[in-house]
Amino acid sequence: MEQQDIYYDSSEYIETSSGNKVSRTCVLCGSQNIVLNGKTIAQSECVFRGDLANINIGRQCVLGKKVIISPPYKKLLSGGAFYPLQIGDNTIIGDNTIINATVIGHSVYIGRNCVISRAVVLKDCCRIEDNTVVPPETTVPSFTVYKGNPARYVDDLPSCTQEVMMEATKSFYQHFKPQKK
Amino acid sequence: MASIPLALEYKRYVLYLCRCSGLVGIESLYFCRHCKLLRCMDCVSVQIDGTCISCPSCNDSVPQTDAKAKKFRCTHCYQCPMCTTPLATRFVQLPPPPGKSESAPDTSSGKTDASPTKEGTGESTALTPKTSKRLSLTPSSLKSPGSTKMYYLFCTSCHWTTREVDIPDKRSLLDFKEKPHPFQDRYKALLSYYKDLDLYERVSSQNMSRQVSGRKPRPFSSLLDTSKYKKDPEVQRVVKQVQSVALSAKDPVRLPDSYYTEPVDVSSLTTIQQKLLDPSHQPSHVKDLWPHPLPLISRKTIRCRGCDHILLKPDVNVNLVRFKIQHVAIQVVPRIRLINVPKLTLGEPSLVPVSITSPVSYSMTISFNQLSSSKKLKEILCPAVIPEGSFVLKSLDDTSDLLDDSSQSVSLGADQSDYVLSSEPGRIVLKFGAIPSREDIDAKIGFEVVFSYEPLIEADRDPGVTELTVPVIINCGHSFA
């Protein structure tokens, strides 16, 4: 199905010079540690915990509503520390999802109501289905689909996943338009 | 308002009909540029690429010979026998023994917590709430050179540990071995016996061939004659052994009395899935569970079944998602999408707007034919109104993203304007029609897309423009009376 036009209230979103569109209802803690590389859409009520560690989000990502992005915590001999969180290009994160991973690769699809637990590594071109809980310290390989609680391998993705994701995120950005007055 | 792209929803509205009568999405189709045919996963040959075998957890690439020797399982990573999640490593740091006369704390049978220890996660060190109350050591004493690390495995999902089943902590991850099989020695003995038998047969057949080299070759049926083996004293000995075992199995297995008298504790029993994870042991009780080495994964090389040319070959580096060879349909075949779910009325022609996008860098000519479908397909398809004539999809400029939309409009001929809703370089929106005939099923229309294909690689056998055909079926949704 062709992507439909999505009209947003222009007073609700802030558009940066690099094309990022961030809702005014988002909570950005430690904004100096949050990097959005361009053309990324952060929809309403997202939370970015940049006060804990650096958050780097790639180009043309789509973050759904009420997404919580928090850097992972790791216990050390001297106490503990928060590690930076890296999200690659063309990644889509569904509504109400909690991200506590270390690395999320590019062209990754994460469904709605998911929990990506501490120190998880999602490799490039993988898919996490809706309502999935990925246990801590898990690595999800490329071209795989994980589903369930705890997340288990269920299927393979086609080899052209990267092209499909690039097209989908680009199309979504083009159709995400301000409401005409 | 949809908050994520619709293109990634699982419901497929447009399906392509493969030669093998399979209906698949365009992402799952491969294109053989030698046969000039589309092939789905059911009509290609798949082979495991020996250079791309790796562990899904630690990402270590394993050579094929090593992987085969280790039964295609990782030597470092294990999966939980309860929930199949990859197990995490935890370690306990034991302080150096105060004197050589005093032995190190006993770590067998999971008693490490009682000794002054510190627990950690992988490379780092962390105190668990359970053990932190009992610790009195300072970090400096733990860093002393004599201290040793003892590892155990821990499931981060269900919190199962190797200590629960009385597996002692190990000095290295490599020390965690697979549970020894009760019939392991018997298997080894049988394997060595059959290897010897194989060698014996080869040598004897070579001797025979030398003797009868001048004679007429024996018929193939003589190879199937097993009467010669029955005379062999060694074979007779094995047959007797097998018969004795078979006779003893006639005695019925009696269940213990406790099976009938004591109440069943379901929580201590394993599920069928847990049993089948370990087919050689099939543990009945939770206390018999053992960590399983994680199975390795491999990428696949895909070949055309007709001409045996490679359609997909992954890169040697398992961490990269690129391919050495990739011939997929999405690079060649025009992408057909439904613009929106149309409102259909039973028995009346309804407008179905469809967009066609060209993925190629040359001008593509497309036309549509009625689908010469089988009887089975005719039952599910409803009559369709298909645009007549041919349409030209101009090549998409790579810089089109930077240009203004107004500069991209394309002029159309008078005959084409009846069917065209909008047009731009590389994309055209056409009017199709559906006449739903049944209310109980979704209205589906089918047609053939004929498109021009221009091979870009000079090595191709037939350079020049050729016409290819692909059948397409569109699900237009439910109709109402």
Side-chain angles (χ1 to χ4, degrees), chain A residues 1-4 6-8 43 62-65 74-78 80 92-95 105-107 109 111-112 117-119 121 123-125 127 133 135-144 149-153 156-165 167-172 174-175, chain B residues 1-9 11 13-14 25-30 54 56-59 80 83-86 88 118 120-122 124-127 139 142-143 155-158 297 299 302 312 314 318-323 326 328-331 335 337-341 353 355 401 429:
Chain A
M1 177 94 88
E2 191 98 346
Q3 180 66 51
Q4 304 292 304
I6 298 167
Y7 293 103
Y8 63 86
Q43 296 177 50
V62 178
L63 310 183
K65 291 167 187 168
K74 199 168 187 183
K75 290 173 185 172
L76 295 168
L77 194 67
S78 56
I92 296 164
I93 301 172
D95 300 344
H106 66 75
S107 309
Y109 176 92
R112 302 176 183 90
S117 310
R118 182 181 59 79
V121 176
K123 297 294 219 179
D124 305 333
C125 300
R127 182 180 174 113
V133 178
E137 299 173 43
T138 307
T139 304
V140 177
S142 302
F143 300 110
T144 54
N149 180 13
R152 289 188 180 99
Y153 162 80
D156 282 331
L157 282 177
S159 60
C160 53
T161 304
Q162 190 172 356
E163 289 87 353
V164 172
M165 289 294 291
E167 199 182 336
T169 49
K170 186 181 163 188
S171 165
F172 188 87
Q174 284 171 349
H175 289 87
Chain B
M1 185 174 81
S3 57
I4 55 170
L6 287 170
L8 300 163
E9 298 287 347
K11 172 141 186 178
Y13 291 95
V14 180
I26 194 170
E27 301 88 4
S28 309
L29 281 171
Y30 294 91
S54 64
S57 183
C58 63
N59 278 315
C80 175
C83 64
T84 69
T85 306
K118 195 158 189 178
T121 58
S124 64
T125 308
L127 293 170
L142 289 166
K143 282 178 183 173
C155 177
T156 51
S157 176
C158 67
I297 56 168
R299 292 205 191 158
I302 288 172
L312 189 80
V318 291
N319 291 318
L320 296 177
V321 290
R322 67 182 177 210
F323 296 89
Q326 189 184 23
V328 285
I330 208 167
Q331 297 166 343
R335 191 85 184 262
R337 291 192 188 93
L338 210 58
I339 295 287
N340 52 29
V341 180
S355 77
D401 289 353
V429 181

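Convention: sequence-line order gives letters A, B, ...; per-chain numbering from 1. In this text, all values refer to a predicted model and were calculated from it rather than measured experimentally. Just so you know, these numbers use all the heavy atoms, side chains as well, and skip hydrogens, waters and symmetry mates.
For B:Asn340, the parts sitting under 4.5 Å from any heavy atom of chain A are the backbone and the side chain alike. Only the side chain of A:Asp156 comes within contact range of chain B, judged by heavy atoms closer than 4.5 Å. Looking at A:Phe143, the atoms closer than 4.5 Å to chain B (heavy atoms on both sides) all sit in the side chain, from C-beta outward. Residue contact with chain B, scored on non-hydrogen atoms closer than 4.5 Å, involves the side chain of A:His106 exclusively. Neither the backbone nor the side chain of B:Ile302 comes within contact range of chain A; no heavy atoms are under 4.5 Å apart. When heavy atoms are compared at a cutoff of 4.5 Å, A:Ser171 does not approach chain B at all.
The candidate with the highest count of non-hydrogen atom pairs below 4.5 Å against chain A, out of B:Ala88, B:Ala329, B:Cys158, B:Cys83, is B:Cys83. Taking A:Ser117, A:Ala151, A:Pro136, A:Pro150 one by one and counting their heavy-atom pairs under 4.5 Å with chain B, the maximum is reached by A:Pro136. Comparing B:Pro86, B:Ser57, B:Cys155, B:Pro314 by heavy-atom pairs within less than 4.5 Å of chain A, the highest count is held by B:Ser57. Among the candidates B:Val321, B:Leu338, B:Val341, the residue making the largest number of heavy-atom pairs closer than 4.5 Å to chain A is B:Val321. Note: B:Ile339 leads B:Val328, B:Ile339, B:Leu312 in heavy-atom pairs under 4.5 Å with chain A. Heavy-atom pairs under 4.5 Å with chain B were tallied for A:Pro158, A:Gly105, A:Ser107, A:Gly80; the largest tally goes to A:Pro158.
Expressed to the nearest 0.5 Å, how far OH of B:Tyr30 lies from SG of A:Cys160 amounts to 7.5 Å. From A:Glu163, atom CD reaches atom CD of B:Gln331 across 6.5 Å, with rounding to the nearest 0.5 Å.
Between the side chains of A:Glu137 and B:Thr156, no donor N or O sits under 3.5 Å from an acceptor N or O.
Inter-residue side-chain proximity for A:Lys123 and B:Asn59 is flagged as met; some heavy-atom pair is nearer than 4.5 Å.
Across A:Glu2 and B:Ser355, no two heavy atoms sit closer than the pair OE1-OG, 2.8 Å.
Salt bridge status for B:Arg337 with A:Glu167: present, with a side-chain N to carboxylate O gap under 4.0 Å.
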